[in-house]
Amino acid sequence: MHKVEDLKIWKRSIQLSKSIYLLMPELPKDEKFGLINQIKRSAVSVPSNIAEGAGRNSNKEFKHFLGIANGSLYELQTQLILIIELNLTENQKVQTLIDDCIEIQKMIYSLAQKL
């Protein structure tokens, strides 16, 4: 088992989720039960799966949950690109979050290789 609070990747994904939640009020209210809900779920899934994997009994299981977290990051990245394509909010804010997704994807890949 790994102590999740010590994992830089978990801390970064928590910060990403927080940033996502802070951005969501800027989106149109009619997206509350559509895109906004899906984006929040994807964002929360990333640190949640990292934490679940860290709490498992083997590195093999941890790698499995890192893969799930990575899939959630790709889903989140796609949804953020859609926000840009639909001009729903300021593009630079969203691009910064996309860049964060890419950075965390690289961190996941690196950690999985080390396990």
Side-chain angles (χ1 to χ4, degrees):
M1 290 195 325
H2 302 266
K3 189 173 179 187
V4 72
E5 297 88 358
D6 292 340
L7 294 175
K8 184 178 179 183
I9 191 170
W10 180 79
K11 292 176 186 177
R12 287 285 306 272
S13 61
I14 286 287
Q15 187 58 48
L16 174 62
S17 295
K18 181 180 173 183
S19 296
I20 291 292
Y21 267 77
L22 293 173
L23 177 69
M24 291 303 96
E26 295 182 22
L27 298 185
K29 295 200 184 318
D30 64 338
E31 287 296 336
K32 182 176 182 180
F33 298 108
L35 195 55
I36 292 172
N37 184 42
Q38 188 63 36
I39 289 171
K40 285 180 175 181
R41 288 182 356 176
S42 298
V44 169
S45 179
V46 177
S48 298
N49 279 292
I50 292 169
E52 185 169 356
R56 294 296 176 135
N57 295 322
S58 71
N59 285 343
K60 181 179 178 183
E61 287 180 291
F62 192 6
K63 281 178 81 169
H64 172 75
F65 281 93
L66 287 175
I68 295 170
N70 201 40
S72 293
L73 275 168
Y74 276 94
E75 182 180 358
L76 177 59
Q77 183 178 346
T78 298
Q79 294 155 355
L80 292 172
I81 290 168
L82 187 56
I83 288 174
I84 290 173
E85 293 292 320
L86 294 171
N87 294 313
L88 295 179
T89 192
E90 187 180 322
N91 287 356
Q92 186 53 44
K93 288 181 183 179
V94 179
Q95 187 59 53
T96 299
L97 296 174
I98 291 170
D99 294 343
D100 290 343
C101 287
I102 293 168
E103 184 62 31
I104 295 170
Q105 290 163 356
K106 291 175 184 176
M107 293 172 74
I108 286 175
Y109 177 79
S110 179
L111 178 57
Q113 294 300 309
K114 292 177 185 176
L115 293 177

Any residue meeting side chain to side chain contact (heavy atoms under 4.5 Å, CB included) with [X], in chain and number order, not counting sequence neighbours:
X	answer
L86	L82, L88
K29	none
D99	Q95

Looking only at heavy atoms, what is the nearest atom pair of [X] and [Y], with distance?
X	Y	answer
K11	E5	CE-O, 2.8 Å
A69	I50	CB-CG1, 3.9 Å
V94	I84	CG1-CG1, 3.6 Å
P28	I36	O-CD1, 3.7 Å

What's the verdict on side chain to side chain contact (heavy atoms under 4.5 Å, CB included) for L16 and R12, showing C-alpha distance, side-chain angles and the deciding distance?
-> CA-CA 6 Å; L16 174 62; R12 287 285 306 272; over 6 Å; no
Mind checking whether D100 and E103 have side chains closer than 4.5 Å, heavy atoms only?
-> no
For Y21, which fellow cluster members are found when Ile, Leu, Val, Met, Phe, Trp and Tyr are connected by side-chain heavy-atom distances below 4.5 angstrom, either directly or through intermediates?
-> V44
Under the side-chain hydrogen bond (donor to acceptor under 3.5 Å, both in side chains) rule, collect the residues that match up with Q79, sequence neighbours excluded.
-> S42, E75
In this structure, which one of S13, S48, S45 forms a side chain to side chain donor-acceptor pair (under 3.5 Å) with S72?
-> S45
Evaluate side chain to side chain contact (heavy atoms under 4.5 Å, CB included) for R41 paired with Q38, printing each intermediate quantity in order.
-> CA-CA 5 Å; R41 288 182 356 176; Q38 188 63 36; 3.3 Å; yes
Pairs in or reaching into residues 55-82: which pass ring pair (Phe, Tyr, Trp, His ring centres under 6.0 Å), with residues at least two apart or in two chains?
-> H2-F62
